[in-house]
Amino acid sequence: MIPKVLLVNDDAASLLALASLLSEATRAQHYELLKASSGHEALRMVLTHDFAVILLDANMPGMDGFETAEAIHSHPRSSAVPIIFITAHYGDERHRLEAYSKGAADYLFTPVIPQVLQTKVAVFVDLTRKNLELQAKTRELSLLNQDLRVQRVQDLERINRALEQEVAERKVAEQRAQALSIRDPLTNLVNRRSLIAQLEHAVATADRHGGEFALLFLDLDRFKQINDTLGHEVGDELLRQVAARLLAAVRVSDVVARLGGDEFVVLLEGRGAAANAARVARKIEQAHTRPFEINGQRIATSTSIGIGLYPQDGSSAAQLMKNADTAMYHAKQHRRGSIEFFREDLNTRERERAQWVAELHAALEGKQFELLFQPRAALPDGAVVAVEALLYWRHPRHGLIAAARFLPDVADRLLLEQVCEWMLGAACAEAARWRARMAQTAPQAARLSKVVMAVDLALLQIRPELAARVLAHLRSCKLPAGWLELEIPEHLLLDTRDSAAVLRQLKAAGVRLTVDDFGSAGAALAMLRELPLDAMKIDRAFVRAIGVGRGTDMAAAIVHLGRALGLRVLAQGVHTAEQLAVLKSLGCDEYQGELLSPALHAADMLALLQARCGAPTMQIPPTTSPNQNQAALSTPKKRGQSR
């Protein structure tokens, strides 16, 4: 009797492909391969055939693989038939656990390695053949003399136990071989062999769908020196920690592999491969700026990264690997710890970004940043009630440029926080100078005490230490906390667990809190109720839409929402008298924009305050910028520019 193997797959192409992988083994190992295209067909065949093993597709329409396996094992005839699941859902732990709970003997991912599939099938075929032989011999023994039967049965039982032990040992060995065939034993990352298989699959997928993907080739700098000086144990631990940081820098769907030594590869699939590759490479680069802690030692290293894009930089997996490696070599030659694309035009863009960041560091050290100030007035009387500090950069070549032009593409969080720290300190210092200048005149001092300095925290993340840092600036400038208003972009408030405690500390100290650009990030009303806010600032897009379509209705809804939440409502980007008239009729509390005044230098802003705070409260007419401010105000109005 010839052992039989059942192959179940609803996809005709997959069924044919898997059958072709087993065709040669079918002839060589003398077993019969039967095929079924659905779970129902498989159940009918199980009722009429005995199978050594069933290869079952996990994902099928109608009755899926898990339901089919449960039905097969529920019947006494087939309850012990081993089932190997085959699926394309790589790394889905939930599906794997469900398969084993349904009695799976194993779980394979496509593309299947032919030798692995053939070997696994051969184990069960061999076991079945041995069992069939054992059954035949048992029947033969029943015809022999009764006196010899006991001895023969004992011999056969001993042989059977030996065979079962051999099968079990072979299965354990195969499992170990399988793990070693796809994983690097030191880091548990994907190894070279598995990476090449996945890379070839990515090439086939990209060719079929007209897609793209990126390959990052990484090499640790100074690894040989570290390994030789501190020993192989430290070197191995360094590689393990590097692997952990790489995994933390990518998505779950991305592939991180170790080729050997200190070489790593990251495979990024999906749309926007070039932009995503640069972002991930910078994230990895930044992760390596922190020293590694190993056995009480701080070890500093960096990683040089070469980037290749498919299909632009190679027509095959091997060529793309070679070109990404070449790009990494150029990165190491250019500057250790740098990033290089294989294509020069992308390198130019990346070097421009790196130069921009380097110039920002120099701007901090060279005191090239400065603040301009834009007033905010109350409605309906027009009294100045606040001044917003806006960040500008006095660039050596490009002149005065607004924050919106030089900050959005900066991924270095530490640099952004340093810039924001400077901005916060400079705004507090300027407010203290104005207070000192106007304190000499009692009427001015009394009116100025009601004017707050507003600072946008768009560059910061709300972390536990924020409150202490803000209050430290106020103390160093001897400025009452009520003089400061923090404008916090709506998207920073979405995680109320992290922000609520910090904002309550600031609120308790007397700092005013405003949610900026309201309506741009979809914050929930529950969030606004939980946080200790004083005001909400209507996003300029809603102000711009007043008088267009249902734009006025949207602005009215936001004003009414603010009223319901007990918050003052502020409007930014007010450029026309018509917009102002509508906002006034809706009951908006304050407004800001070119209609009131453009952004001014500190001296001009102080002069405006002295003029307004020394006179009775009145409607402020539009103010034109002095000539020295025109260059700063000629750029489009984005974040960091005039509101």
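Along the sequence shown, residues carry numbers from 1.
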inquiry  = Going by ring pair (Phe, Tyr, Trp, His ring centres under 6.0 Å), name the pairs with one or both residues in residues 269-301, residues two or more places apart or in two chains.
reply    = His288-Phe292

task = For Lys584 and Asp589, run salt bridge (Lys or Arg N to Asp or Glu O under 4.0 Å): C-alpha distance rounded to whole Å, both residues' side-chain angles, the deciding distance at 0.1 Å, then the answer.
result = CA-CA 8 Å; Lys584 187 184 297 185; Asp589 295 292; over 6 Å; no

message = Ignoring hydrogens and geometry beyond distance, is a side-chain donor-acceptor pair present between Gln572 and Arg540 at under 3.5 Å?
response = yes

[X]: salt bridge (Lys or Arg N to Asp or Glu O under 4.0 Å) partners, not counting sequence neighbours:
{"X": "Glu237", "result": "Arg240"}
{"X": "Arg376", "result": "Glu485, Glu487, Glu590"}
{"X": "Arg279", "result": "none"}
{"X": "Asp534", "result": "Lys507"}

Between the side chain of [X] and the main-chain N/O of [Y], is any donor-acceptor distance below 3.5 Å?
{"X": "Thr187", "Y": "Leu189", "answer": "yes"}
{"X": "Arg298", "Y": "Arg290", "answer": "no"}
{"X": "Thr514", "Y": "Met536", "answer": "no"}
{"X": "Asp381", "Y": "Ala383", "answer": "yes"}

Quick check: closest heavy atoms across [X] and [Y], and the distance to 0.1 Å?
{"X": "Gln368", "Y": "Pro396", "answer": "OE1-CD, 3.6 Å"}
{"X": "Val384", "Y": "Pro375", "answer": "CG1-CB, 4.3 Å"}
{"X": "Leu372", "Y": "Leu400", "answer": "CD1-CD2, 4.4 Å"}

Without placing hydrogens or testing angles, list every side-chain donor-acceptor pair under 3.5 Å for residues 542-562, not counting sequence neighbours.
from, atom 1, to, atom 2, distance (Å)
Thr552, OG1, Gly547, N, 3.0

ask   = Below 4.0 angstrom, N of the basic side chain to O of the carboxylate: do Asp456 and Lys537 qualify?
value = no

request  = Please name all residues satisfying side-chain contact (heavy atoms from CB on, under 4.5 Å) with Thr576, sequence neighbours left out, ordered by chain then number.
outcome  = Glu578, Gln579

In chain order, what residues pass the side chain to side chain donor-acceptor pair (under 3.5 Å) check against [X], with sequence neighbours excluded?
{"X": "Arg433", "result": "Glu430"}
{"X": "Ser304", "result": "Asp221"}
{"X": "Arg397", "result": "Glu359"}

Pairing residues for His395 by the ring-ring contact (aromatic ring centres under 6.0 Å, His included) criterion, not counting sequence neighbours = Trp356, Trp393, His398

message = Could you work out, with ring-ring contact (aromatic ring centres under 6.0 Å, His included) as the rule, every residue matching Phe213, not counting sequence neighbours?
response = Tyr310

Rounded to the nearest 0.5 Å, what separates atom [atom1] in [X] from atom [atom2] in [Y]?
{"X": "Phe369", "Y": "Arg394", "atom1": "CZ", "atom2": "CZ", "answer": "13.0 Å"}
{"X": "Glu293", "Y": "Ile299", "atom1": "CD", "atom2": "CD1", "answer": "9.0 Å"}
{"X": "Ile488", "Y": "Leu457", "atom1": "CD1", "atom2": "CG", "answer": "5.5 Å"}
{"X": "Leu239", "Y": "Phe264", "atom1": "CG", "atom2": "CZ", "answer": "5.0 Å"}

